[in-house]
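From a predicted model like this one, the values you see are computed outputs, not experimental measurements. In what follows, every chain begins at residue 1, and chains take the letters A, B, ... in the order their sequences are listed.
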Amino acid sequence: MKSEPDAYSIDDLKQDGQVRWSGVRNYEARNIMRDKMNVGDRALFYHSNVKPPSIVGEMEVCTEPYPDPLQFDPDSKYFDEKSSESDPRWQLIDVKFIQKFEKPVTRDALKEDSFFDEMQLFKRNRLSITSVTKEEYEKILKMAGV
DNA sequence: GCCAACGTTGGC
DNA sequence: GCCAACGTTGGC
């Protein structure tokens with residue numbers, strides 16, 4: 001799950017403990033949160049738009065999917081006038097902090113290893129939430145030294 | 001329903 | 001800061 005650290009970082013999550021993953025306005029990313037994620041699932045926190053782009057920590061899904069409140073807030077940049085409380089368009093989950101990697105795993109490090117060639121992070125370039133296989137996940141934890 | 005125009009993301 | 005990739009919008 002990507003976030004620009006200027007907007008929200010792994011350190012912010014460490015401090016907050018838990019956060020609502022608000023603001024996703026892409027159907028595919030939404031579908032992953034709505035359909036694929038279950039309470040207790042682990043997820044990787046990816047810092048985008050910084051040098052170097054890296055996986056910086058681990059978190060855990062801690063709610064069922066529910067409507068993103070910002071879609072109903074006219075003052076929010078994430079307001080969606082085509083959505084309604086009775087038929088909400090945007091669903092999300094909350095995640096809680098598990099750990100921050102002492103050794104972040106850089107995008108470059110993943111690219112150097114052909115094991116990760118098929119990783120959705122690379123296949124679906126700009127998607128803010130992509131799926132990770134169990135094998136990829138475990139190898140990334142190893143690379144992070146945990 | 002097609003597709004050009006447009007806007008955004010995010011690596012580089 | 002550039003620009004490729006790609007999703008969305010809206011005219012027709």
Side-chain angles (χ1 to χ4, degrees), chain A residues 1-16 18-37 41-61 63 65-146:
Chain A
M1 300 175 78
K2 298 184 191 176
S3 178
E4 301 187 15
D6 287 349
Y8 196 84
S9 72
I10 186 75
D11 290 319
D12 293 326
L13 180 61
K14 183 176 184 179
Q15 195 168 3
D16 296 343
Q18 177 171 342
V19 74
R20 169 186 291 152
W21 207 260
S22 261
V24 170
R25 293 294 178 268
N26 171 285
Y27 290 110
E28 219 174 327
R30 176 206 64 184
N31 292 348
I32 293 175
M33 287 198 284
R34 190 189 59 186
D35 305 333
K36 303 287 186 206
M37 289 185 174
D41 286 352
R42 293 293 175 99
L44 297 167
F45 197 126
Y46 178 95
H47 278 178
S48 65
N49 242 322
V50 285
K51 292 178 186 176
S54 312
I55 297 169
V56 292
E58 198 184 11
M59 49 204 182
E60 186 179 303
V61 177
T63 68
Y66 65 98
D68 184 346
L70 295 184
Q71 69 194 305
F72 308 125
D73 177 1
D75 295 327
S76 169
K77 67 183 267 201
Y78 298 114
F79 177 64
D80 185 345
E81 60 176 8
K82 290 176 184 160
S83 188
S84 66
E85 307 248 6
S86 58
D87 186 20
R89 176 177 293 187
W90 304 107
Q91 308 257 109
L92 47 65
I93 46 79
D94 287 11
V95 288
K96 68 179 180 189
F97 178 81
I98 297 295
Q99 64 174 323
K100 176 183 176 179
F101 296 153
E102 284 178 35
K103 261 189 1 176
V105 179
T106 64
R107 181 183 181 87
D108 277 348
L110 297 177
K111 276 205 297 199
E112 276 167 19
D113 190 334
S114 62
F115 180 83
F116 294 108
D117 282 356
E118 297 302 310
M119 200 174 173
Q120 290 301 300
L121 179 66
F122 298 120
K123 294 280 176 185
R124 311 303 322 284
N125 227 13
R126 295 174 312 134
L127 200 57
S128 68
I129 300 178
T130 53
S131 56
V132 182
T133 68
K134 191 170 198 291
E135 291 74 21
E136 288 163 351
Y137 200 102
E138 285 170 356
K139 186 152 177 172
I140 288 164
L141 289 186
K142 278 204 188 91
M143 292 165 74
V146 296

A/Lys134 bridged to A/Glu138 by N-O distance under 4.0 Å: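 Judged by the 4.0 Å cut-off on N to carboxylate O distance, A/Lys134 and A/Glu138 do form a salt bridge.
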Test: A/Arg25 and A/Asp68 ion pair at under 4.0 Å: yes
Please report, rounded to the nearest Å, how far the [atom2] atom of [N] is from the [atom1] atom of [X].
| X | N | atom1 | atom2 | answer |
| --- | --- | --- | --- | --- |
| A/Glu28 | C/dA5 | CD | P | 17 Å |
| A/Gln120 | C/dC6 | CD | P | 12 Å |
| A/Phe122 | B/dG10 | CZ | P | 14 Å |
| A/Lys123 | C/dA5 | NZ | C1' | 15 Å |
| A/Leu127 | C/dT8 | CG | P | 10 Å |
| A/Asn31 | C/dG7 | CG | P | 13 Å |
| A/Leu110 | B/dC12 | CG | P | 11 Å |
| A/Asn125 | C/dA5 | CG | P | 9 Å |

Within 6.0 Å of NZ in A/Lys139, more than 12 heavy atoms from elsewhere: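 For A/Lys139, atom NZ is crowded (more than 12 foreign heavy atoms under 6.0 Å).
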Validation row, ring centre A/Trp21 to ring centre A/Phe45 under 6.0 Å: yes
A/Trp90-A/Tyr27 aromatic ring centre distance below 6.0 Å: yes
Which of these nucleotides, [options], is closest to any side-chain atom of [X]?
| X | options | value |
| --- | --- | --- |
| A/Tyr46 | B/dG11, C/dG7, B/dC12 | B/dG11 |
| A/Asp108 | B/dG11, B/dC12, B/dT9 | B/dC12 |
| A/Lys82 | B/dT9, C/dT9, B/dC12 | C/dT9 |
| A/Tyr27 | B/dG10, C/dT8, B/dG11 | C/dT8 |
| A/Asn26 | B/dG11, B/dG10, C/dG7 | C/dG7 |

Sugar-phosphate only, base, or nothing, as touched by A/Arg124 at under 4.0 Å among non-hydrogen atoms: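 Here A/Arg124 touches the backbone only, sparing every base.
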Sugar-phosphate only, base, or nothing, as touched by A/Lys51 at under 4.0 Å among non-hydrogen atoms: nothing
Upstream residue (5' side of DNA chain C) when A/Arg126 and A/Asn49 are each assigned their closest nucleotide: A/Asn49
